Amino acid sequence: MNHPIGMRTDLEEVRARILEVAEEHFRRIGYHKTSMADIASELGMSRANVYRFFRSRDAITGFICKRILNEVADIAFAIARTNATASEKLSRLLIAVHHHGKATLIEQKHMHDMIVAVMEENWAIIKAHIEWMVTTFEAIIREGVEAGELEVGDPAEAARAVKTAFIPFFHPLLIEHCIQHGEDTEASLREQIRFILKALGKSD
């Protein structure tokens, strides 16, 4: 049954408010320590009422995680649309994505922990995000091949290889491990980018 427009708007506002409160709790006390009861209590609602809008805490987590991943996608898309060379685009994109992940760890540790949990459980939104990133890599590599700047036979295969080479600087748990052990991720990333571009046949 279709709801009248006014009612749909009210329902959307309630959903948005639930997500807002849930994210505030995730940021303040942590994803693992926040329950549906905590969210419902803050909203002055019953848990049953919150479940009318989201079937589980995981459903809420999925929406919040997707918003953060969309921030990364927006950064990558903006870089991919610039007029820079393919190698410059790829370098800037990898650096920007790494910086976003590291900033989340340092400045928003609880949100970092949430993303780690979602990645470890291999949720569909993570797989979709990684596939989107690989598609973006492929488009940039293909541009470079067409411009005579890069030399690879299969841009799709090359894009998957770039993803694999970039994992230590993309996966939040691996970023955390490096920082905990005092490793210079910036220097390592620059070295890895030089290796990637050389493997892609970048012409000098």
Side-chain angles (χ1 to χ4, degrees), residues 19 22-34 57-58 60-80 82 84 86-141 157-200 202:
L19 290 173
E23 183 168 346
E24 189 277 330
H25 270 66
F26 287 179
R27 290 181 183 278
R28 183 165 51 85
I29 66 174
Y31 158 74
H32 294 290
K33 294 182 179 179
T34 299
R57 191 189 66 155
D58 283 354
I60 292 175
T61 302
F63 274 91
I64 295 171
C65 187
K66 188 172 183 179
R67 184 191 60 72
I68 295 173
L69 295 177
N70 283 343
E71 290 178 1
V72 179
D74 287 345
I75 292 169
F77 185 66
I79 293 171
T82 62
S87 57
E88 289 171 342
K89 287 182 183 181
L90 197 56
S91 297
R92 292 174 188 172
L93 191 157
L94 297 177
I95 291 169
V97 171
H98 175 65
H99 283 175
H100 186 281
K102 191 160 70 170
T104 301
L105 166 63
I106 295 170
E107 300 167 12
Q108 306 174 49
K109 181 60 166 62
H110 288 316
M111 303 308 285
H112 165 87
D113 292 341
M114 179 193 72
I115 296 172
V116 168
V118 172
M119 289 193 78
E120 289 184 329
E121 293 173 15
N122 202 25
W123 286 17
I125 54 172
I126 295 295
K127 290 193 284 188
H129 176 69
I130 292 174
E131 287 171 4
W132 185 90
M133 292 292 289
V134 171
T135 300
T136 303
F137 295 161
E138 180 183 347
I140 294 172
I141 292 168
E157 182 181 54
R160 292 192 294 272
V162 170
K163 182 259 297 185
T164 301
F166 185 56
I167 283 176
F169 307 95
F170 171 73
H171 196 294
L173 203 55
L174 297 179
I175 294 173
E176 183 175 1
H177 175 82
C178 288
I179 291 177
Q180 286 177 342
H181 289 79
E183 296 181 24
D184 185 350
T185 61
E186 302 295 324
S188 297
L189 178 57
R190 288 193 295 271
E191 290 174 359
Q192 190 73 326
I193 289 173
R194 285 194 293 271
F195 172 79
I196 288 170
L197 293 179
K198 185 174 181 180
L200 293 174
K202 179 184 179 299

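Being a predicted model, the structure only gives us computed values, none of them experimental. Throughout, numbering of the chain's residues begins at 1 and tracks the sequence.
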Next on the checklist: Can you confirm whether Val162 sits close enough to Glu138 that some side-chain heavy atom of one is under 4.5 Å from a side-chain heavy atom of the other?
Outcome noted: no
Next on the checklist: Please find the pair of heavy atoms, one from Pro172 and one from Ile115, that lie closest to each other, and give the distance.
Outcome noted: CG-CG2, 4.1 Å
Checklist entry - Under a 4.5 Å cut-off applied to non-hydrogen side-chain atoms, are Trp123 and Lys66 in contact? => result no
Item to check | Gap separating the CD atom of Glu183 from the CD1 atom of Ile175, nearest 0.5 angstrom | outcome: 12.0 Å
Next on the checklist: Pair Ile75, Val97 - check side-chain contact (heavy atoms from CB on, under 4.5 Å), show working.
Outcome noted: CA-CA 8 Å; Ile75 292 169; Val97 171; 5.5 Å; no
Next on the checklist: A side-chain contact here means heavy atoms from C-beta on lying under 4.5 Å apart; do Glu186 and Lys102 qualify?
Outcome noted: yes
Checklist entry - So do the side chains of Ile64 and Tyr31 get within less than 4.5 Å of each other, counting heavy atoms only? => result no
Checklist entry - Leu19 versus Arg67: any side-chain heavy-atom pair under 4.5 Å? => result no
Item to check | Non-hydrogen atoms of Arg92 and Ile79 that approach each other most closely | outcome: O-CD1, 3.6 Å
Next on the checklist: Taking the side chain as everything from C-beta on, heavy atoms only, tell me whether Leu200 gets closer than 4.5 Å to Leu90.
Outcome noted: yes
Item to check | Interatomic distance, Leu94 atom CG to Phe170 atom CZ [nearest 0.5 angstrom] | outcome: 11.0 Å
Checklist entry - Are side-chain heavy atoms of Met133 and Lys163 found at a separation under 4.5 Å? => result no
Item to check | From CD (Glu88) to OG1 (Thr82), nearest 0.5 Å | outcome: 8.0 Å
Checklist entry - Distance-only, no hydrogens or angles: does the Lys89 side chain make a donor-acceptor pair with backbone N or O of Ala80 under 3.5 Å? => result yes
Item to check | Heavy-atom side-chain proximity of Glu120 to Leu173 below 4.5 angstrom | outcome: yes
Checklist outcome for this item: Minimal heavy-atom distance between Ile126 and Cys65, with the atoms involved, is CD1-SG, 4.4 Å
Checklist entry - Is any NZ, NE, NH1 or NH2 atom of the basic residue among Glu131 and Lys127 found under 4.0 Å from an Asp or Glu carboxylate oxygen of the other? => result no
Next on the checklist: Which label fits His98 and Phe169: parallel for a plane angle under 30°, tilted from 30 to 60°, or perpendicular past 60°?
Outcome noted: perpendicular
Next on the checklist: Nearest 0.5 Å, please: how far is CG in Asp113 from CD in Gln108?
Outcome noted: 11.5 Å
Checklist entry - Hey, what do you get for OG (Ser91) to CD1 (Ile140), rounding to the nearest 0.5 Å? => result 9.5 Å
Checklist entry - How are the rings of Trp132 and His129 set relative to one another: parallel (under 30°), tilted (30 to 60°) or perpendicular (over 60°)? => result parallel
Checklist entry - Hey, does the side chain of Arg57 reach the backbone of Ala22 with a donor-acceptor pair shorter than 3.5 angstrom? => result no
Next on the checklist: If I take atom NE2 from residue His171 and atom CD from residue Glu176, how far apart are they, to the nearest 0.5 angstrom?
Outcome noted: 11.0 Å
Next on the checklist: I'd like to know whether His25 forms a side-chain contact (heavy atoms from CB on, under 4.5 Å) with Lys33, so could you lay out the CA-CA distance, the side-chain angles of the two residues, the decisive distance to 0.1 Å, and finally the verdict.
Outcome noted: CA-CA 9 Å; His25 270 66; Lys33 294 182 179 179; over 6 Å; no
Next on the checklist: Please determine whether side-chain contact (heavy atoms from CB on, under 4.5 Å) holds for the pair Phe166 and Ile193, giving the CA-CA distance in whole Å, both sets of side-chain angles, and the decisive distance to 0.1 Å.
Outcome noted: CA-CA 8 Å; Phe166 185 56; Ile193 289 173; over 6 Å; no
Checklist outcome for this item: Phe26 and His110 have their tightest heavy-atom pair at O-CB, 3.0 Å
Next on the checklist: Please check if the number of heavy atoms outside Lys109 that lie under 6.0 Å from its NZ is greater than 12.
Outcome noted: yes
